[in-house]
Amino acid sequence: MRIAIVFLWVLHLAALIGIAIGYEDFFLPKSPFTIMYLLFFLIFFFKIDSRNKLLLFIAFMSVGIGVEWIGVHTGSLFGDYYYGKNFGPKLDGIPLLIGVNWALLTFTTHVIAKSLFKSPVAIIATGAALMVGFDYFLEQICDFAGFWHFEGGAGWFNYLCWFLIAAALHAVSFQFKLRGNKLISYHLYGVQLFFAISLWIIITI
């Protein structure tokens with residue numbers, strides 16, 4: 001597991017260094033492979049080791065793809081936006097890996113929130129806030145990274161919808177008593193947050 005954690009960080013650090021010295025056209029299109037490694041990491045070390053966890057993950061993936069479809073095709077949830085070329089294969093304009101991202105974030109932030117609080121309300125609110133916090137920093141790099149593009153930028157309504165949907169997913173997670181590896185959850189969330197913040201700094205200096 002230690003080797004996998006080290007590789008997780010090295011993978012993101014290498015991409016940041018490569019982008020900083022001008023090789024973004026090489027590294028950014030490889031983002032789908034990074035997401036697949038995050039999924040592998042979650043399955044084997046966070047441990048999706050039961051039927052309930054697997055069904056929950058698939059359900060959250062489906063919800064993620066569904067709300068993104070509504071968002072892209074109607075503009076009624078997150079604003080007017082569309083996906084770029086660096087988030088992997090799409091179905092009707094929606095990258096399939098965005099569902100993985102929703103499910104992975106929910107799983108890891110739920111375990112982090114449960115490690116900090118006991119109250120159901122605090123767990124649900126903290127988990128949702130962690131997801132929205134990550135989304136805020138991701139929004140700062142999404143254009144540059146070729147992930148998605150907002151017409152006029154992501155507004156407050158985007159974050160409100162993110163919070164409400166994330167809170168619903170965390171409420172379901174709490175109801176199903178979702179558990180996982182706490183250390184892995186911190187690393188999975190932390191490395192993505194670190195990458196987003198660091199890339200934002202790189203592209204603004």
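Side chains are part of it too, since the values below use all heavy atoms of this structure and drop only hydrogens, waters and symmetry mates.
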Can you say whether the rings of Y82 and H149 are parallel (under 30°), tilted (30 to 60°) or perpendicular (over 60°)?
-> tilted
Parallel, tilted or perpendicular for W148 and F87, by the 30°/60° rule?
-> tilted
Please report the closest heavy-atom contact between [X] and [Y], naming both atoms and the distance.
X	Y	answer
G75	D80	CA-OD1, 3.9 Å
L178	K114	O-NZ, 3.0 Å
L96	I65	O-CD1, 3.9 Å
A171	I124	CA-CD1, 3.7 Å
F27	A15	CD2-CA, 3.6 Å
G88	P32	N-CG, 3.4 Å

Ring centres under 6.0 angstrom apart (F41, F46) | no
Examine Y37 together with F7 and report whether their ring centres are nearer than 6.0 Å.
-> yes
Would you please name every residue forming a side-chain contact (heavy atoms from CB on, under 4.5 Å) with T204, sequence neighbours left out?
-> W200
Would you check if the side chain of [X] reaches a backbone N or O of [Y] as a donor-acceptor pair within less than 3.5 Å?
X	Y	answer
N86	A145	yes
T108	L105	yes
K47	N181	no

Results of ring-ring contact (aromatic ring centres under 6.0 Å, His included) for F134 - residues two or more places apart only = none
Check the pair I184 / I5 against side chain to side chain contact (heavy atoms under 4.5 Å, CB included), numbers first and verdict last.
-> CA-CA 8 Å; I184 293 302; I5 292 173; 4.0 Å; yes
I need the [X] [atom1] to [Y] [atom2] distance, nearest 0.5 Å.
X	Y	atom1	atom2	answer
M131	L169	CE	CG	6.0 Å
L130	F163	CG	CZ	10.0 Å
I141	F147	CD1	CZ	5.5 Å
L28	K85	CG	NZ	9.5 Å
Y159	Y136	OH	OH	6.5 Å
L39	T34	CG	OG1	12.5 Å

Among side-chain atoms of Y186 and S115, is any donor-acceptor pair under 3.5 angstrom?
-> yes
Distance-only donor-acceptor check, side chains Y83 and E68, under 3.5 Å | yes
Give the cluster check for [X] versus [Y]: same hydrophobic cluster or not, with ILVMFWY residues linked at side-chain heavy-atom distances below 4.5 Å.
X	Y	answer
W9	L11	yes
F33	L16	no
Y23	F144	yes
V191	F44	yes

With a cut-off of under 6.0 Å to the ring centre and 45° to the axis, is K30 in cation-pi contact with F26?
-> yes
Those residues at least two apart in sequence (or on a different chain) that pass side-chain hydrogen bond (donor to acceptor under 3.5 Å, both in side chains) with T109 are H170
Stepwise, does the side chain to side chain contact (heavy atoms under 4.5 Å, CB included) test hold for L56 with F107?
-> CA-CA 9 Å; L56 207 57; F107 270 45; 4.1 Å; yes
Is the closest side-chain heavy-atom distance between [X] and [Y] below 4.5 Å?
X	Y	value
I43	F57	no
L38	H12	yes
F78	V72	no
I35	V100	yes
F194	L13	yes
H73	D92	yes
L97	N101	no
K177	R179	yes

Before giving the answer on side chain to side chain contact (heavy atoms under 4.5 Å, CB included), spell out for W102 and M61 the whole-Å C-alpha distance, their side-chain angles and the decisive distance to 0.1 Å.
-> CA-CA 6 Å; W102 272 92; M61 277 182 59; over 6 Å; no
Stepwise side chain to side chain contact (heavy atoms under 4.5 Å, CB included) check, I203 with L199 | CA-CA 6 Å; I203 65 180; L199 184 54; 3.9 Å; yes
Taking everything shown except Q175 itself, do over 12 heavy atoms lie less than 6.0 Å from its CD?
-> no
Whether over 12 other heavy atoms sit under 6.0 Å from I21 CD1 | yes
